[in-house]
Amino acid sequence: MSPPPVTRFAPSPTGELHLGNARTALFNLLLARHAGGRFLLRIEDTDTERSVEAHVRALLEDLTWLGLEWDAGPDRDDALGPYRQSQRGALYAGYFAQLEERRAVYPCFCTPLELELARRAQLAAGKPPRYAGTCRNLSTEERARRAAQGVPATLRFRVPAGARIEWADLVHGAQSFATDDIGDFVVRRADGSAAFFFSNAVDDASMGVTLVLRGEDHLTNTPRQLLLLEALELTAPAYGHVALLLGADGAPLSKRHGAASVREYRERGYQPFALLNHLFRLGHSSALQGLLTLAEMARGFDPKHLGRAPARFDEQQLTVWQKDTVHHLSPEAAREWLKAVLPRELDARTATAFVSAILPNLVLPADALPWVEIVFGGPPALEEGGEAVVRNAGAGYFAAAAAAAATTGNDLAAIAGAARAASGRQGRELYMPLRLALTGRAHGPELAPLLKALPPGQARERLARFA
RNA sequence: GCUCCCUUCGUCUAGAGGCCCAGGACAUAGCCCUCUCAAGGCUGUAACACGGGUUCGAAUCCCGUAGGGAGCGCCA
C-alpha cells in the first residue's frame, strides 16, 4: 500500500485564472481526492514585477467559486508552509548554499543585453539559442575580482555533458533527453530571488509533493528540474504532462476566443458545475455520463485516461452542461442566480413562480430578460403574424377566456376550457391564440406555470383586448 | 534552427495486433410525444492525417512525409 499522494496547484498570480489552469487545478485535486491524499495550493510569486496582490485574491476567489478546495495553502498554513514563494527565501538560501558547495552552480556576470545579443546571433546562425557558457569556467580569482567590483551576478546550474535524463511521464510514458541539448540555466536571479526551475522543483520536494500534473509546456523543461533535484539529493515527484487546452478553432486558448478565464464565464452567468463538468472531460475520458459532482469526479478520475492530444474548449459543449445544471437548480438557487435580472420589488412567491416557469428555457441569466418584460411589463405587443391568429380565433373565444380568467384566477385549464366551450377549438388551435394574447409570442415556456406568475388582473386584461 | 510532444466522426473521446467494414457522449437530420419552446423516446448521417514497411492479420508496432503545438528567458 503506497502512501496517500500529495498533489498541488502552483499558479503564478499574474492575471485571471485561465481555463487551462483551472483544469490543471481540477485534475490535481481529483488525483489527490481519488486516493485520499492531500491537495496543496502554492502561490508562485517570485517575480515581484508581475505578481500582484489583487491577482492572488482573485485566484483564491475563483478557485473557491469553482468549489476546488485546497487542504493547505496561503490562507491555510501548516508545517510545510508558507505557501507563497515570496516568503520562502530562507529555505531557498539553504539550497543555494548546498549547490554552491557542491560546485553544481557558478556565478554568471553576463548582462541581460549581452545574453540577448548572443541569443539573437545564435538564432540567426540557425543554432539553438542556448547559454554559451561564457562564465562557466572563470577562474576563482576572476570571480572574486568581479564580485569585488560589485558586478551583479546570477547563479547558473552547471548542466553535465554527455548524459541522458529519463523519466516515466504519467501521460506520455518513457521520456529521454540529452543533457547536451540543455544550456546552463539560471537558478538565482541577480537580485537574489529564486528562478522558476529552482523554486518550483525545490518546493515540490520540500512540501512532499508526490504527483505533479501540469501543462505540456513544461515537458521539455522537466529534465532541468530533475537535474537540479538530483544535485540536491531531493526526491522528484512523478510528473504527468497534460496536453494544452485550445480554443474552438484549434489555436491556443486566448482572449480572442471571447473568454479564456474562469472569471469571464462566471460573470456571464455560467454555473461552476457546468464549467467543472466540461473541463473534467477535456483531455480526460470517463465512462461516467451526465452531470457529476466533485466527489463523483474524484471517484471516476484516472490519470491513465488522460489524453495525449490537445483538446478544444468548445462553448457549445459547455452550453449543454450549463443547460443541464440550470434546469436542475432549486427554485431558491435559481432566484439567486437570476437576482440581477429580476425586478427588485418582486415578492418571493411571484418570483419563485416566475423563475420556475421560465427556467427550462434558460441557459444564461440574460435569456430571462425578455420574459421579465413580457410578464411584468404590461400587455405585450403581438409578434409578427400573431395578429391574424388572434383575429381568427374570434371575439367570442376571447370573451369567454377573459371571463374565465376573471372568475377562476390564473388557471389555464379553466381558461382553455371556457375558450373551448365557446369556440369548439382544440389542440394547437385552442392554445395558440391564448399564448399569443398572453405573451405576444408563439414560442416560450409552458403556459400554465407562466400564467401563475402573471400580476393580478393581467390575464383577464390581456385576453379582453381581443374580445 | 535544434530538441521534444501530438494527429480516430463537426466536437470531446473509447480503442494498449484479431472482440473494430471502429464504440459512446454532445452537436446535427428525420420521426414520435406535445399548445409553442425546452425536456424526453426512437432512428439516421458522420472518423482511424498521408505513404511505406513488419505480420496470416494493424486504428493499434516500426520508418518516413505533412500538419499542429511546446521548449530552448535574470516569465512561469
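Chain identifiers are assigned alphabetically (A, B, ...) following the order of the sequence lines, protein sequences preceding nucleic acid strands; residue numbering begins at 1 within each chain. This structure is a prediction, so every number in the text was calculated from the model and none was measured. All values below were derived from every heavy atom in this structure, side-chain atoms included, with hydrogens, water molecules and symmetry-related copies excluded.
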Using the [atom1] atom on both, measure [N] against [M] and round to a whole Å.
N: B:A46; M: B:U11; atom1: P; answer: 16 Å
N: B:C50; M: B:U60; atom1: P; answer: 11 Å
N: B:U7; M: B:U13; atom1: C1'; answer: 14 Å
N: B:G51; M: B:G67; atom1: C1'; answer: 15 Å
N: B:U45; M: B:C4; atom1: C1'; answer: 39 Å

**Lys/Arg N to Asp/Glu carboxylate O, A:D204 vs A:R42, below 4.0 Å** = yes

**Message:** Can you pull out the residues from residues 281-291 of chain A that lie within a 4.0 Å heavy-atom distance of RNA chain B?
**Reply:**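 Going residue by residue through residues 281-291 of chain A, the ones with a heavy atom under 4.0 Å of RNA chain B turn out to be A:R281, A:L282, A:G283, A:H284, A:S285, A:Q289.
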
**Residues within residues 219-226 of chain A bordering RNA chain B, heavy-atom distance below 4.0 Å** =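 Those residues whose heavy atoms fall under 4.0 Å from RNA chain B, taken from residues 219-226 of chain A in numerical order, are A:L219, A:T220, A:N221, A:R224.
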
Using whole Å, what does the distance between atom [atom2] of nucleotide [N] and atom [atom1] of [X] come to?
X: A:Q317; N: B:U28; atom1: CD; atom2: P; value: 11 Å
X: A:K304; N: B:G15; atom1: NZ; atom2: P; value: 12 Å
X: A:F157; N: B:C74; atom1: CZ; atom2: P; value: 16 Å
X: A:R120; N: B:G73; atom1: CZ; atom2: C1'; value: 13 Å
X: A:R308; N: B:U13; atom1: CZ; atom2: C1'; value: 11 Å
X: A:L306; N: B:A14; atom1: CG; atom2: C1'; value: 15 Å
X: A:R164; N: B:U3; atom1: CZ; atom2: P; value: 11 Å
X: A:F197; N: B:A76; atom1: CZ; atom2: C1'; value: 9 Å

**Side-chain donor or acceptor of A:T46 paired with backbone N/O of A:A195 under 3.5 Å** =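 Flag not set: sc A:T46 to bb A:A195 has no pair under 3.5 Å.
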
My understanding is that a pair needs two contacts under 3.5 Å, Watson-Crick or G-U wobble. By that rule, which nucleotide pairs with [N]?
N: B:U7; result: B:A66
N: B:G44; result: B:U28
N: B:U60; result: none

**Request:** Map A:G307 and A:V171 onto RNA chain B by nearest heavy atom, then report which one ends up closer to the 5' terminus.
**Result:**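 Taking each residue's closest nucleotide, the earlier one in sequence belongs to A:V171.
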
**Prompt:** In terms of the nearest nucleotide of RNA chain B, which residue is placed more toward the 5' end: A:D181 or A:R119?
**Reply:** A:D181

Partners meeting side-chain hydrogen bond (donor to acceptor under 3.5 Å, both in side chains) with [X] (sequence neighbours left out):
X: A:D169; value: A:W167, A:H241
X: A:R462; value: A:Q458
X: A:S423; value: none
X: A:H327; value: none

Side-chain N or O of [X] versus OP1/OP2 of [N]: is the shortest distance under 4.0 Å?
X: A:H241; N: B:C5; value: no
X: A:R189; N: B:A76; value: yes
X: A:R312; N: B:G10; value: no
X: A:R23; N: B:C12; value: no

**Counterpart residues, ring pair (Phe, Tyr, Trp, His ring centres under 6.0 Å), relative to A:Y431 (two or more places apart)** =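 By the ring pair (Phe, Tyr, Trp, His ring centres under 6.0 Å) rule, A:Y431 matches no residue at all.
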
**Message:** For A:F39, give me all partners under ring pair (Phe, Tyr, Trp, His ring centres under 6.0 Å), at least two apart in sequence or on another chain.
**Reply:**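 A:F39: no ring pair (Phe, Tyr, Trp, His ring centres under 6.0 Å) contacts found.
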
**Prompt:** A:M432 has a side chain; which of B:A27, B:C35, B:A76 sits nearest to it?
**Reply:** B:C35

**Fill in**
Of the listed B:G15, B:C74, B:C2, the closest approach to the A:V186 side chain comes from B:C74

**Aromatic ring pairing A:Y270/A:Y265, orientation class (parallel under 30°, perpendicular over 60°, tilted between)** = perpendicular

**Asked** Taking the six-membered ring for Trp, are A:F198 and A:Y92 parallel (under 30°), tilted (30 to 60°) or perpendicular (over 60°)?
**Response** perpendicular

Check nucleotides 37-40 of chain B against the protein and report each pair of N or O atoms closer than 3.5 Å, with its distance, or say if there are none.
unit_1: B:C37; atom_1: O2; unit_2: A:N361; atom_2: OD1; d: 3.2
unit_1: B:C37; atom_1: O2; unit_2: A:N361; atom_2: ND2; d: 2.5
unit_1: B:C37; atom_1: O2; unit_2: A:G444; atom_2: O; d: 3.2
unit_1: B:A38; atom_1: O2'; unit_2: A:P360; atom_2: O; d: 2.9

Contacts of type side chain to side chain contact (heavy atoms under 4.5 Å, CB included), residue [X], not counting sequence neighbours:
X: A:R143; answer: A:Y106, A:P107, A:F109, A:L138, A:R158
X: A:H305; answer: A:H284, A:S285, A:D302
X: A:R281; answer: A:N277, A:L292, A:W321

**Item:** A:R435 (side chain) and B:C35 (base): donor-acceptor pair under 3.5 Å
**Value:** yes

